[in-house]
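In the text below, chain A, chain B and the rest are named by the order of the sequence lines, each starting its count at 1.
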4 protein chains.
Amino acid sequence: MSPRRRDAEGTAAARAERRAELLATAAEVFATRGYAATTVREVADAAGILGGSLYYHFDSKESMADEILSTFLNEMWAAYDRVLAADLGARDTLTALVAESFGCIDRHRPAVVMYQNESRHLATGPRFAYLTESRRRFEEMWMTLLERGVREGAFRADLDIALVYRFIRDTVWVAATWYQPGGRLTAAQIAEQYLAMVLGGIQHE
Amino acid sequence: MSPRRRDAEGTAAARAERRAELLATAAEVFATRGYAATTVREVADAAGILGGSLYYHFDSKESMADEILSTFLNEMWAAYDRVLAADLGARDTLTALVAESFGCIDRHRPAVVMYQNESRHLATGPRFAYLTESRRRFEEMWMTLLERGVREGAFRADLDIALVYRFIRDTVWVAATWYQPGGRLTAAQIAEQYLAMVLGGIQHE
Amino acid sequence: MSPRRRDAEGTAAARAERRAELLATAAEVFATRGYAATTVREVADAAGILGGSLYYHFDSKESMADEILSTFLNEMWAAYDRVLAADLGARDTLTALVAESFGCIDRHRPAVVMYQNESRHLATGPRFAYLTESRRRFEEMWMTLLERGVREGAFRADLDIALVYRFIRDTVWVAATWYQPGGRLTAAQIAEQYLAMVLGGIQHE
Amino acid sequence: MSPRRRDAEGTAAARAERRAELLATAAEVFATRGYAATTVREVADAAGILGGSLYYHFDSKESMADEILSTFLNEMWAAYDRVLAADLGARDTLTALVAESFGCIDRHRPAVVMYQNESRHLATGPRFAYLTESRRRFEEMWMTLLERGVREGAFRADLDIALVYRFIRDTVWVAATWYQPGGRLTAAQIAEQYLAMVLGGIQHE
DNA sequence: GATGAATGAGCGTTCATTCAT
DNA sequence: CATGAATGAACGCTCATTCAT
């Protein structure tokens, strides 16, 4: 590897790293204060630079949100696709999907919070069409799984499938709003408990 | 009762009715677009008047949010207090609370959505201290109930109580974001299904 | 005419009048300082209001430029079309067109200056496509007239027509940059002298 | 000449050449987009370097404009002074001045366009006082020439001298906005035609 | 000579709010 | 009660400029 090549890589890598740093900061602030209510100056303050300086790295406030959300969704779908490719039974697939979801919350908490709070509003712009598409695919995936589970006798047949879908979806993702990495419970422990509740109910038998 | 008195009451009643109308409109728009992203003009447009005219009825955009949220919370607590006063067993109390919660969603859907999306942000101002207080009381009420339920043998003892609390809280309230009055399922039917899931789990036994 | 009708008309008229006032001010400032170099606050200062207040009347800085230029061009073409409809000989048509042009300069001086200085730059946006179209029609009209004049024996045949076109076009319109309504010479007097020069040359015979 | 001396000269010459290159690029961009509307980055892009790098060569955007305009004006006045020193008759002086002017347009087209479009605006700063002074001298020179021409019987006496001055000035310089070096007509041919028009008029006798 | 990250003033624009009518 | 013109603070963003490397 020539020194020039190494330099170029070093520069590009440093740049990417800085972007990632700034995006992590921005995601944190957006998640805490809300995207619309957060000013670009607040993000910059949190990053220790001036408002205008953010525009050296990003085109716009919107493009920060875009990059934060798409990075998260890409990783989420990669994880989901691995689970689906494993071709497990309905119950085990559900278990694995919930576990992966909590893993995403663990690694992308601010992005998940943003997704919860802002996607409905952001999705109206053409730039965020992928949010709508992701939501559609997500619903499709879960509905298919739940229907299969009922067919296979793994899940109760007396429940409204669409309602169960929303029940699980909301239950899992809203956890991002209160989950704290490094808190009393790990993401895996929370996933385990959630699965116990969702599968078995909270009632003593 | 003198004619003057009656007039004054008529005027005051008309005024209150107009306020309520405007607040219902505002809540709808705030819930749809998000409080921060909604302009006063959008609220006024939806009400068929001009932006400035809202200020005859309300001090500020914030005071609209205040009135919307406090009206909802007051009614919610009145309903909860009636349930608690009935002194039922843990399981029946839980059932009644969930039913009442879905009733609130039915009657105050936009306010509940606002509460979900904005309360964290709004609660930072002193004017909205009651949001924090309500959240505290809510948690206290549910934790007490769940602990009692475990003690009484109504609920499973192997679950993390704090997690169950959040599980139920989120499950119930997030429903406001998709619930449509007059849709396929009534609020009561949704409540019933939710209770079936929460109590019994989705797994076929 | 009902009082309501009269009121509505009065309001609409007052509004249109205010717009016209503000546009006249804006045109003056744009012409003096240059469109790009003029800030919205400078326009507002000249109008005695605050920067933001302009946006009650206009969508954007660009829409002010648009309205100023299109108003001027519409009137100019109306005048030109009247001349062309009169079906005069080439010499008299040229005389009448030059006279009307100076009339436009007299009534729309700042707009003409803006057109001179900014149209090339503004015309790149789709909103100002009419500037390009007007320029095309203008050239076509003049070229046709000059060719006819040569054919009819009214104008010299030894000159490059395209050059004569530019000669006249520039000569006439650039006058807007120094013409002062109410100055030593009226627009009509300037037109007369210009015609004498253009038609007869400055050389003593 | 010592090697050191030769190196220094070589360096200084190379530096001056790079400056001239960059100024030519800058003038082109300023003329095309307008000085105020052109960003330093656009100039740098056109030169194939980064925005900040221009500041190694120039103090500021303004100093680029300064150097472009003063270089042009210095050369123009050198040419004019040569003409005036020849002590020709009024008609021949006018002919020579117009020819030299078109020569300037040929060699300094972007600078002339900038001068046309921006000098009024730039001249307000003290740094560009020479623009005002040049304009004054220019007017003085032409007015003196025209008055002499009328006295000598070379030019018509029935025209307003001040108007004739502006007529010629505008006619000549505005040509820079459409002249293309290497186009259908050379600068000398355009000058010839312009002189034919200005001196003899466009009318057939 | 040139880079690239940052600065900071200022821009066009928005919007909650006021108030004379 | 409502209008509509205006306010003024703040916003997202731009850009001439600086400077360590």
Side-chain angles (χ1 to χ4, degrees), chain A residues 7-8 10-12 14-15 18-19 22 36-44 47-64, chain B residues 11 14-15 18-19 22 36-44 47-64, chain C residues 7-8 10-12 14-15 18-19 22 36-44 47-64, chain D residues 11 14-15 18-19 22 36-44 47-64:
Chain A
D7 270 21
T11 308
R15 200 168 182 139
R18 186 75 175 112
R19 276 180 82 84
L22 293 170
T38 299
T39 73
V40 168
R41 277 169 182 84
E42 283 170 341
V43 173
I49 59 178
L50 288 178
S53 304
L54 278 175
Y55 289 83
Y56 179 77
H57 301 278
F58 303 100
D59 283 345
S60 62
K61 184 188 178 186
E62 206 183 61
S63 78
M64 291 185 226
Chain B
T11 308
R15 198 166 181 147
R18 186 79 175 110
R19 276 179 83 87
L22 292 171
T38 300
T39 71
V40 168
R41 259 201 68 177
E42 285 170 339
V43 173
I49 59 178
L50 289 181
S53 306
L54 277 176
Y55 288 82
Y56 176 82
H57 301 279
F58 304 101
D59 284 346
S60 64
K61 185 186 180 186
E62 215 183 23
S63 76
M64 292 184 230
Chain C
D7 271 22
T11 309
R15 198 166 184 145
R18 186 74 175 113
R19 275 179 83 87
L22 293 170
T38 299
T39 71
V40 167
R41 278 169 181 83
E42 283 169 341
V43 173
I49 58 178
L50 287 178
S53 304
L54 278 175
Y55 288 82
Y56 180 78
H57 301 278
F58 303 101
D59 283 346
S60 63
K61 185 187 178 186
E62 206 182 60
S63 77
M64 292 185 227
Chain D
T11 307
R15 195 165 182 148
R18 186 77 176 108
R19 276 179 83 85
L22 293 171
T38 300
T39 71
V40 168
R41 258 200 71 173
E42 283 169 340
V43 173
I49 59 178
L50 289 182
S53 306
L54 277 176
Y55 287 82
Y56 178 82
H57 301 278
F58 304 102
D59 285 346
S60 63
K61 185 187 178 187
E62 214 183 23
S63 77
M64 292 184 229

Would a 4.5 Å heavy-atom cut-off, applied to side chains only, mark Leu54(D) and Met64(D) as touching?
yes

At their closest point, which heavy atom of [X] faces which heavy atom of [Y], and how far apart are they?
{"X": "Arg15(C)", "Y": "Tyr56(C)", "value": "NH2-OH, 4.1 Å"}
{"X": "Thr38(B)", "Y": "Lys61(B)", "value": "O-NZ, 2.8 Å"}
{"X": "Leu22(C)", "Y": "His57(C)", "value": "CD1-CD2, 3.4 Å"}
{"X": "Arg18(D)", "Y": "Ile49(D)", "value": "NH2-CG2, 3.8 Å"}
{"X": "Ser63(C)", "Y": "Phe58(C)", "value": "OG-CB, 3.9 Å"}

Using atom [atom1] of [X] as one end and atom [atom2] of [N] as the other, report the distance to the nearest whole Å.
{"X": "Leu54(B)", "N": "dT17(E)", "atom1": "CG", "atom2": "P", "result": "10 Å"}
{"X": "Leu22(C)", "N": "dA6(F)", "atom1": "CG", "atom2": "C1'", "result": "12 Å"}
{"X": "Ile49(C)", "N": "dA9(F)", "atom1": "CD1", "atom2": "C1'", "result": "17 Å"}

Just checking Arg19(D): does its CZ atom have more than 12 heavy atoms from other residues, nucleotides or ligands closer to it than 6.0 angstrom?
yes

So CZ of Arg41(B) and CG of Leu50(B): to nearest 0.5 Å the spacing works out to 8.0 Å

Comparing Tyr56(A) with Arg18(D), nearest DNA chain E nucleotide closer to 5' gives the residue Arg18(D)

Hey, does Leu50(C) reach any base, or is it just sugar-phosphate, or nothing, if we go heavy atoms under 4.0 Å?
base

Under a cut-off of 3.5 Å for both distances of each Watson-Crick or G-U pair, what dot-bracket string does DNA chain F give, using [ ] for crossing pairs and | for inter-strand pairs?
.||||||||||||||||||||

Determine, for nucleotides 9-14 of chain E in 5'-to-3' order, which nucleotides have protein heavy atoms under 4.0 Å from the base (write B), from only the sugar-phosphate (write S), or from neither (write -).
-BSBBB

Nearest to the side chain of His57(A), which nucleotide is it out of dA2(E), dA5(E), dC1(F)?
dA5(E)

